[in-house]
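Everything on this sheet refers to the single structure shown next.
Counting from 1, the numbers follow the sequence of the chain as shown.
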Amino acid sequence: MLKKKVAMLLAAAMVAATVVGCGGGEEKTDAPADGATTDAPADDAASDDAADDAAADDAADDAADDAAADDAADDTADAKPSGDGELIKVGVINNDPNESGYRTANDKDLQAMFCEANGYDADFQYSKKNDEQITYAQNMLAEGIDYLLISAADTAGWDSVLQDAQAQGTSVILFDRVIDADESLYAASIVSDMEQEGKTAVDWLAEQGLDEYNIIHIQGQMGTAAQQGRTKALDEKVAAEDNWKLVVQQTGDWNADNAKQVVQSVIDSGEKFNVIYAENDDMAKGAVAALDAANISHGVDKEVIIMGFDTNKWALEELLKGNWNYDGQCNPFQAKYIDDVIKSLENGEEIAEKTIVMDEIGLDAKTITQEQVDEFGI
């Protein structure tokens, strides 16, 4: 918005606003004091006490109105990152919030931050399809937004959107997922290191010291940064080790029912397996449902190792019970990071780090505590 500021002078007596919360509510304005626009100055000849008292009351009312207006203006300014009283217009492109527990938490975090009470006029659009997301972004740019926030469904295809944004002075901030684009085309990237998430998980699996690894690999939505990162480490390990085998490698599209079908098909085939590496918690849950239906034990010191990602609280509780073995953290709370970047840009400051990578951990059923469930569960 810094680049789009319009100089405005408002009389203090006309300014009166209350901050509206994220959940909505009507905007309120203070009406002028009765007679504020109609009372004429007292006539020099008017000397009765009633006239003098009325004039004094009007003056006091005007002063009170001015003070109230100043207080409201101060409150509004405190709530807004920019200091000019205008809302910052942001367009938020995200994946379907019903996709997973992670995505639900991510969307809730963004909705809470980018609302009028915090100085934002936000347009939220959702899709798991890259072409639909790009169309939403183009429409937002046509409406003249100040910032475009993107969690891309696919890493490719965003160059034209980013170039158009740069041409019209709209800053782009990536969150959650990286895209294949030159760094000069976006202001900042607040992301998880998906490759490191995969490496941490695969390293943990290698430490289990199995004689052989027969793995059902259930992938996320193909082409996403999360799928690519979590797949890469496992592919590399399987290629490097003779006793690591992929029994099946198939997308579950982040969905529990799809994952259940993948595992059920392997069970029906009779092929042996002892590890399920699911790229999110929901798919791990679906995989476990198939095992339970077939009376196949899973978890700590059982027949099948269960691995998931995202650290949903219910998933961590499964670890605590010993029903699952491992869960990799993927931090959904990026809104504060994004807000800090926007405030810096509004103040004309340089962004210290172009790419902000959030710290994340892997949790083991044998060592997890209730405190960790409470701390990391989403």
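- Within the model, atoms CD1 of I306 and CG of N323 stand 9.5 Å from one another, a figure rounded to the nearest 0.5 Å.
- In terms of heavy-atom proximity, V341 sits nearest to A188 at CG1-CB, 4.0 Å.
- With contacts defined as side-chain heavy-atom distances shorter than 4.5 Å, the pair I173/Y337 does not qualify.
- Under the 4.5 Å side-chain heavy-atom criterion for grouping Ile, Leu, Val, Met, Phe, Trp and Tyr, V191 is not connected to V172 through any hydrophobic cluster.
- Under a 3.5 Å cut-off, the side chain of N130 and the backbone N or O of A156 do form a donor-acceptor pair.
- With sequence neighbours excluded, the residues satisfying side chain to side chain contact (heavy atoms under 4.5 Å, CB included) with I296 are I267, F273, L291, A294, E303, V304.
- V263 and V275 fall into different hydrophobic clusters, where Ile, Leu, Val, Met, Phe, Trp and Tyr are joined by side-chain heavy atoms under 4.5 Å apart, directly or via other members.
- Here the straight-line distance linking atom CG of L110 with atom CZ of F333 works out to 10.5 Å at 0.5 Å rounding.
- Rounding to the nearest 0.5 Å places CZ of F175 at 5.5 Å from CD1 of I338.
- Taking the charged nitrogens against the carboxylate oxygens, R230 and D310 do have a contact shorter than 4.0 Å, which makes a salt bridge.
- The backbone N or O of T369 lies less than 3.5 Å from a partner atom in the side chain of Q372, making a donor-acceptor pair.
- A donor-acceptor pair shorter than 3.5 Å cannot be found between the side chains of Y126 and E99.
- Here the side chain of T170 pairs a donor or acceptor atom with the backbone of I145 at under 3.5 angstrom.
- Using a distance-only test at 3.5 Å, with no hydrogens or angles considered, a donor-acceptor pair links the side chain of N255 to the main chain of D257.
- Under the 3.5 Å distance criterion, the side-chain polar atoms of T135 are matched with a main-chain donor or acceptor of D131.
- Side chain of Q166 to backbone of S184: a donor-acceptor contact under 3.5 angstrom is found.
- Here C330 contributes atom SG and D281 contributes atom CG; the two are 10.0 Å apart, rounded to the nearest 0.5 Å.
- In this structure, OG on S192 lies 6.0 Å from CG on N331, to the nearest 0.5 angstrom.
- Considering all non-hydrogen atoms of both residues, A365 and L319 come closest at CB-O, 3.4 Å.
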Quiz item: Where do R177 and T155 land on the side chain to side chain contact (heavy atoms under 4.5 Å, CB included) test, with the steps shown first?
Solution: CA-CA 8 Å; R177 297 173 174 178; T155 57; over 6 Å; no
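- In this structure, the side chains of E317 and V373 come closer than 4.5 Å at one or more pairs of heavy atoms.
- Nearest heavy-atom pair, A137 versus L148, reported as atom, atom and distance to 0.1 Å: CB-CD2, 4.1 Å.
- Under the 4.5 Å side-chain heavy-atom criterion for ILVMFWY residues, no single connected hydrophobic cluster contains both V178 and I190.
- Closest approach of N258 to D253, counting heavy atoms only: ND2-CB, 3.9 Å.
- A donor-acceptor contact shorter than 3.5 Å links the side chain of Q133 to the backbone of A153.
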Practice problem: Please test I368 against W324 for side chain to side chain contact (heavy atoms under 4.5 Å, CB included), starting from the C-alpha separation and ending with a verdict. | Solution: CA-CA 11 Å; I368 193 171; W324 292 20; over 6 Å; no
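- Looking only at side-chain heavy atoms (C-beta outward), I361 and T311 stay at 4.5 Å or farther from each other.
- The closest side-chain heavy-atom distance from E360 to E197 is below 4.5 Å.
- The two residues Y213 and A206 make their nearest non-hydrogen contact at OH-O, 3.2 Å.
- Under a hydrophobic-cluster definition in which Ile, Leu, Val, Met, Phe, Trp and Tyr are linked whenever side-chain heavy atoms come within less than 4.5 Å, directly or via other members, I378 and F376 are assigned to different clusters.
- Closest non-hydrogen pair, Q370 versus L320, comes out as OE1-CD2, 3.1 Å.
- Hydrophobic cluster membership differs between I215 and V248, with clusters built from Ile, Leu, Val, Met, Phe, Trp and Tyr side chains linked at under 4.5 angstrom.
- Two residues are said to be in side-chain contact when any heavy atoms from C-beta on lie closer than 4.5 Å; V92 and Y120 fail this criterion.
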Quiz item: After noting the C-alpha distance and the side-chain angles of E346 and Y147, does the key distance pass the side chain to side chain contact (heavy atoms under 4.5 Å, CB included) rule?
Solution: CA-CA 11 Å; E346 288 291 299; Y147 295 90; 2.7 Å; yes
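- Between W158 and L185 the shortest side-chain heavy-atom distance does not fall below 4.5 Å.
- The pair D176-R103 meets the salt-bridge criterion, since a charged nitrogen lies less than 4.0 angstrom from a carboxylate oxygen.
- A salt bridge links D203 with K199: at least one charged nitrogen is closer than 4.0 Å to a carboxylate oxygen.
- No more than 12 heavy atoms of other residues, nucleotides or ligands lie within 6.0 Å of CG in D359, so this atom counts as exposed by the packing criterion.
- The line from CG of D327 to CG of N312 is 7.5 Å long, rounded to the nearest 0.5 Å.
- Checked by atom type and distance alone, the side chain of D364 pairs as donor or acceptor with a backbone atom of K366 at under 3.5 Å.
- In summary, the side chains of N106 and Q334 do present a donor paired with an acceptor at a separation below 3.5 Å, with no hydrogens or angles considered.
- For the pair M140 and I93, the minimum side-chain heavy-atom distance is below 4.5 Å.
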Quiz item: Going through the distances and angles, do Y277 and F309 end up as a ring-ring contact (aromatic ring centres under 6.0 Å, His included)?
Solution: CA-CA 9 Å; Y277 181 100; F309 291 86; 5.7 Å; yes
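- You'll find the side chain of I179 reaches within 4.5 Å of the side chain of L162, heavy atoms only.
- Counting only distance, with no hydrogens or angles, the side chain of N118 and the backbone of M113 share a donor-acceptor pair below 3.5 Å.
- With 3.5 Å as the limit, one finds a donor-acceptor pair spanning the side chains of D292 and H298.
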Listing, residues 217-227 side-chain donor-acceptor contacts under 3.5 Å, not counting sequence neighbours, or none:
residue, atom, partner, partner atom, Å
H217, ND1, Q249, NE2, 2.9
H217, NE2, E279, OE2, 2.8
Q219, NE2, T231, OG1, 3.3
Q221, NE2, K128, O, 2.7
T224, OG1, Q221, O, 2.8
T224, OG1, Q227, N, 3.2
Q227, OE1, G223, N, 2.9
Q227, NE2, T231, OG1, 3.1

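- The environment of K272 atom NZ is sparse: at most 12 non-hydrogen atoms of other residues, nucleotides or ligands sit within 6.0 angstrom.
- A salt bridge is absent between K129 and D154: the closest approach of a Lys/Arg side-chain nitrogen to an acidic carboxylate oxygen does not fall below 4.0 angstrom.
- Within 6.0 Å of the CG atom in D374, the count of heavy atoms belonging to other residues, nucleotides or ligands exceeds 12.
- Salt-bridge check for K336 with D340: passed, with a basic side-chain N closer than 4.0 Å to an acidic carboxylate O.
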Quiz prompt | Verdict with supporting geometry, S265 and Q261, side-chain hydrogen bond (donor to acceptor under 3.5 Å, both in side chains) | solution = CA-CA 6 Å; S265 67; Q261 292 173 13; over 6 Å; no
Self-check item: Intermediate values then yes/no, side chain to side chain contact (heavy atoms under 4.5 Å, CB included), L234 and L246
Solution: CA-CA 9 Å; L234 184 57; L246 292 178; 4.0 Å; yes
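- A donor-acceptor contact closer than 3.5 angstrom links the side chains of D268 and Q264.
- Remark: side-chain polar atoms of N94 are not paired, donor with acceptor, to backbone N or O of F124 under 3.5 angstrom.
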